[in-house]
Amino acid sequence: TAAELKQIDALVREAVGFSQERGDSVNVANVAFAPQEKEEIPSLPFWKNPEMLDIARELAKYLVVALIAYFVWTRILKSVWSEWQEAARRAEARKERDARAAHAAGEAEERGMDYETKLQQARDMARSDPRIVANVIKEWVGGGNEPR
């Protein structure tokens, strides 16, 4: 309205330090702003989108680490692990055979077998599992060196 324009004109004159003697002039007009045209930016395909490229790089890093871990497991650690388990199984089987042989030898002594029967059993045991006989001989040799 005209009254509002006069009020704004007076406010502007006071704010800028209006002086008629210097030849200052102030014009206040009621003009609508021109609408700003928005520039239409075409959307990028998802594989060119910078955010998607960043996500793809992060996923690639994790994939590389996972592949390296898989390679290390399948080529190195898995074979070492299976060899370790196999060695543990062999040691357990050896311990069980030694225990059976010791038990059989103990039973033979308890029955009071004659010398020939005991000798034949020792020969049979040596043929079936020479490791047991070797362990017995090692024990005899090692036991003879103990201080009394």
Side-chain angles (χ1 to χ4, degrees), residues 1 3-18 26-148:
T1 63
E4 288 176 335
L5 281 176
K6 258 188 174 186
Q7 186 180 11
I8 293 173
D9 185 60
L11 184 64
V12 170
R13 285 176 189 253
E14 191 176 316
V16 296
F18 180 79
V26 174
N27 291 327
V28 178
N30 186 8
V31 178
F33 290 102
Q36 186 178 11
E37 293 181 21
K38 292 186 179 181
E39 186 178 334
E40 187 77 26
I41 300 174
S43 63
L44 292 172
F46 76 93
W47 63 85
K48 290 184 179 179
N49 187 346
E51 292 173 357
M52 293 302 278
L53 290 175
D54 289 341
I55 292 171
R57 281 187 200 107
E58 284 295 316
L59 288 175
K61 287 178 191 176
Y62 288 117
L63 182 63
V64 167
V65 169
L67 288 174
I68 290 171
Y70 176 76
F71 177 76
V72 167
W73 170 252
T74 57
R75 302 292 179 190
I76 299 169
L77 297 178
K78 192 174 183 183
S79 61
V80 170
W81 178 259
S82 62
E83 287 176 16
W84 181 75
Q85 285 181 329
E86 184 62 32
R89 278 191 224 116
R90 284 188 301 233
E92 187 67 31
R94 189 177 314 121
K95 188 190 294 183
E96 188 176 315
R97 279 194 306 261
D98 291 347
R100 278 186 288 179
H103 182 68
E107 284 182 0
E109 287 179 12
E110 287 178 8
R111 286 189 221 141
M113 295 183 189
D114 63 339
Y115 176 75
E116 290 299 321
T117 308
K118 290 179 185 177
L119 186 61
Q120 185 58 39
Q121 281 184 347
R123 286 182 184 147
D124 293 341
M125 192 181 305
R127 279 190 212 107
S128 67
D129 196 357
R131 284 190 220 161
I132 294 174
V133 176
N135 285 339
V136 169
I137 292 173
K138 282 181 193 176
E139 190 175 310
W140 288 348
V141 170
N145 293 335
E146 293 178 3
R148 293 183 181 179

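Here the structure is a predicted model, which is why all the values come from computation and not from measurement.
The closest side-chain heavy-atom distance from Arg57 to Asp54 is below 4.5 Å. Residues Ile68 and Val65 have side chains not in contact (no heavy-atom distance under 4.5 Å, counting atoms from C-beta outward).
In this structure, Arg94 does not pair ionically with Asp98, as no charged nitrogen and carboxylate oxygen lie closer than 4.0 Å.
We find the NZ-CD distance between Lys95 and Glu92 to be 5.0 Å, quoted to the nearest 0.5 Å. For the atom pair Leu11 CG and Glu4 CD, the distance stands at 12.5 Å (nearest 0.5 Å). Taking CG from Asn135 and CD1 from Ile132, the interatomic distance works out to 8.0 Å, rounded to the nearest 0.5 Å. To the nearest 0.5 angstrom, Ser128 atom OG is 14.5 Å from Arg123 atom CZ. A distance of 8.0 Å separates CZ in Phe18 from CG in Asp9, rounded to the nearest 0.5 Å.
Contact record, Lys48 with Leu53: O-CD1, 4.1 Å, taken as the closest heavy-atom pair.
A side-chain donor-acceptor contact under 3.5 Å links Gln120 and Asp124.
The side-chain contact (heavy atoms from CB on, under 4.5 Å) search around Glu86 returns Arg89, Arg90, not counting sequence neighbours. Remark: Trp81 engages Trp84 in a ring-ring contact (aromatic ring centres under 6.0 Å, His included) (not counting sequence neighbours).
Around atom CD of Gln85, more than 12 heavy atoms belonging to other residues, nucleotides or ligands sit under 6.0 Å away.
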